[in-house]
Amino acid sequence: MTEHAVAIAGGGPTGMMLAAELALAKVDVAVLERRPNHVLVGSRAGGFHSRTIEVLDQRGVADRFLAEGQVAQAAMLATTVLDMSDFPTRHPYSLGIWQNQIERIMSAWIAELPVRINYGCEVTGFAQDDTGVDVQLSDDQSLRAQYLVGCDGGRSLIRKAAGIEFPGWDPTRSNLIAEVETTEELPRGIRHDATGVHGLHTMEDGRTVRVVVTEQQLGPSSEPTLRDLSEALITVYGTDFGIHNPTWISRFTDMTRQAAVYRVGRVLLAGDSAHVHYPAGGQGLSLGVQDAVNLGWKLAQVVNGSSPESLLDTYQDERHPVAARALQHTMAQTALQRRDERIQALVDVVSELASMDEPRKRLAGIISGLDIHYDLGEGHPLLGRRMPDLDLVTADGPLRVFELLHGAKPVLLNLGYPGGFDITPWADRVQLIDAEYVGLWELPVLGTVTAPTAVLIRPDGYVAWVGDRTHLGLPDALTTWFGPPTAT
Ligand SMILES: Cc1cc2nc3c(=O)[nH]c(=O)nc-3n(C[C@H](O)[C@H](O)[C@H](O)COP(=O)(O)OP(=O)(O)OC[C@H]3O[C@@H](n4cnc5c(N)ncnc54)[C@H](O)[C@@H]3O)c2cc1C
């Protein structure tokens with residue numbers, strides 16, 4: 001039987017990002033994807049927000065996405081654009097880029113890494129024991145892995161087979177989404193009415209039209225047809241615009257659910273398999289990619305034997321609250337999309353508030369993911385927050401902080417007296433960089449914070465320890481996050 005350290009069910013954005021993270025940490029990883037190749041039929045998500053661009057920048061691949069997309073102020077609440085161009089980040093914007101482009105770029109990236117990706121390979125079940133997981137595949141094959149991660153989307157077989165509960169809210173509203181051709185002139189802009197949101201948009205090829213229409217009644221769980229789409233359009237617009245030649249018709253709902261736990265023994269969940277919600281606000285793909293970046297290095301250290309299995313518990317501790325908050329936020333966004341006169345009154349009030357400076361920053365912080373704060377205890381405001389991408393000066397010349405993270409290895413950044421740290425017992429795992437930084441330390445939403453003399457940065461870019469001229473707590477932080485010291 002084929003064996004791998006980690007098997008990932010599902011090669012969507014979450015599965016591919018996780019595979020990249022594991023491969024960078026030199027873990028033997030196999031992706032099992034039921035599609036015949038990486039091609040995604042239909043455009044699906046329309047992009048991602050600032051923190052996801054940063055996360056890709058931390059791995060040195062953000063430019064590949066930026067080159068194909070359009071940067072824009074696309075974080076919104078109700079009718080208000082939450083302009084974040086004054087946020088202290090190199091990427092104070094969102095990126096408009098279709099999911100099929102995102103997946104093409106990601107699959108080209110992971111093809112450069114030692115990732116084994118098996119297309120046309122559906123996971124049909126698994127059985128776990130004390131030392132690993134036997135994964136059953138559709139063609140009567142199987143493989144064994146030390147860990148199995150379900151990145152297999154909202155209908156996740158892995159989540160169901162693991163017996164993980166998926167509490168939340170049943171759907172109340174459905175939308176049809178499609179790519180078709182039309183014969184009539186299209187209306188401009190997005191329409192809101194008492195049912196929800198509707199729009200038709202001609203895509204880059206000048207021929208294909210992307211249609212999103214809210215159905216009058218909650219649609220069935222069966223696959224929608226061109227006729228369903230035609231009827232839904234006629235109800236809203238009085239015409240179906242002569243739709244024909246569909247390449248993709250799908251239905252999504254406002255079902256909102258989150259896995260009760262993200263791990264059962266050697267089986268974990270990430271991305272849509274762990275949380276589903278209405279796409280209002282455009283946060284789903286970002287959540288999945290960031291789940292992967294949180295889990296990847298932790299799982300790698302457990303598999304490589306440098307950290308105990310308990311490190312995996314911090315994955316749920318940190319990521320479950322982030323998704324719970326995003327779910328709450330998308331439910332609020334969804335409610336504001338229905339525009340009868342009463343809701344319109346609420347939209348007007350919310351929009352006025354959201355255009356004020358303080359609420360704008362708070363809300364943009366949530367949607368962009370730049371305000372994420374993992375609870376790592378009391379201390380300096382940087383603790384548990386993303387490390388800013390500062391311009392450093394080192395003995396080898398100028399360097400950006402994110403460049404230090406390209407290899408997904410932790411960094412102890414010493415901004416005080418050069419040579420002031422000795423981390424020999426962790427030197428095989430942690431980079432020690434002496435550097436200078438002249439300038440303010442500014443965090444999104446919080447503003448300016450006191451300059452630290454050193455910071456310990458995890459591979460996912462979050463700060464695990466902050467120095468204040470003493471080394472107090474550093475050995476504990478190194479042990480907690482990167483394992484016990486190696487005997488010298
Ligand atoms: C209309 C729409 C618009 C959206 N817009 C945005 C947006 O603008 N921004 C944003 O961030 N998010 C958006 N989203 C959400 C986003 O598309 C998802 O959150 C994202 O695709 C989740 O990625 P994932 O990898 O976790 O899951 P998926 O993309 O669902 O990938 C799961 C993969 O697993 C495979 N698979 C499933 N079961 C098995 C199995 N048993 N064995 C092997 N393989 C399997 C599937 O083939 C698939 O490739 C939108 C969603 C919709 C529907």
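As the structure is a prediction and not an experimental result, all values here were calculated from the model. Read the numbers this way: they start at 1 and go in the same order the structure lists the ligands and their atoms.
For ligand 1, the polar-atom distance check against Phe252 finds no nitrogen or oxygen pair separated by under 3.5 Å. Checking only distances, Glu33 does come within under 3.5 Å of ligand 1, N or O to N or O. Between Gln99 and ligand 1, at least one N/O pair is under 3.5 Å apart. Considering backbone and side-chain atoms alike, Gly46 places an N or O below 3.5 Å from some N or O of ligand 1.
Around atom 15 (C) of ligand 1, the closest heavy atom drawn from Leu18, Leu285, Val123 belongs to Leu285. When Gly284, Gly47, Ser250 are ranked by how near their heavy atoms come to atom 9 (N) of ligand 1, first place goes to Gly47. Of the options Cys151, Gly271, Gly15, Ala280, the smallest heavy-atom separation from atom 32 (C) of ligand 1 is shown by Cys151.
Heavy-atom distances between Ala9 and ligand 1 stay at or above 4.0 Å for every pair. Heavy-atom separations between Gly154 and ligand 1 are all 4.0 Å or longer.
The structure places CD1 of Ile243 at 12.0 Å from CZ of Arg227, a figure rounded to the nearest 0.5 Å.
Close contacts of ligand 1 with Glu122, meaning ligand atoms under 4.0 Å from a residue heavy atom, involve 41 (N), 42 (N), 43 (C). For ligand 1, the atoms sitting less than 4.0 Å from at least one non-hydrogen atom of Ile177 are 1 (C), numbered in the order shown with element in parentheses. Here is the list of ligand 1 atoms found below 4.0 Å of a heavy atom in Arg35: 47 (O), 49 (O).
At a heavy-atom cutoff of 4.0 Å, ligand 1 is contacted by the backbone of Cys121 but not by its side chain. For Phe48, no heavy-atom contact with ligand 1 is shorter than 4.0 Å.
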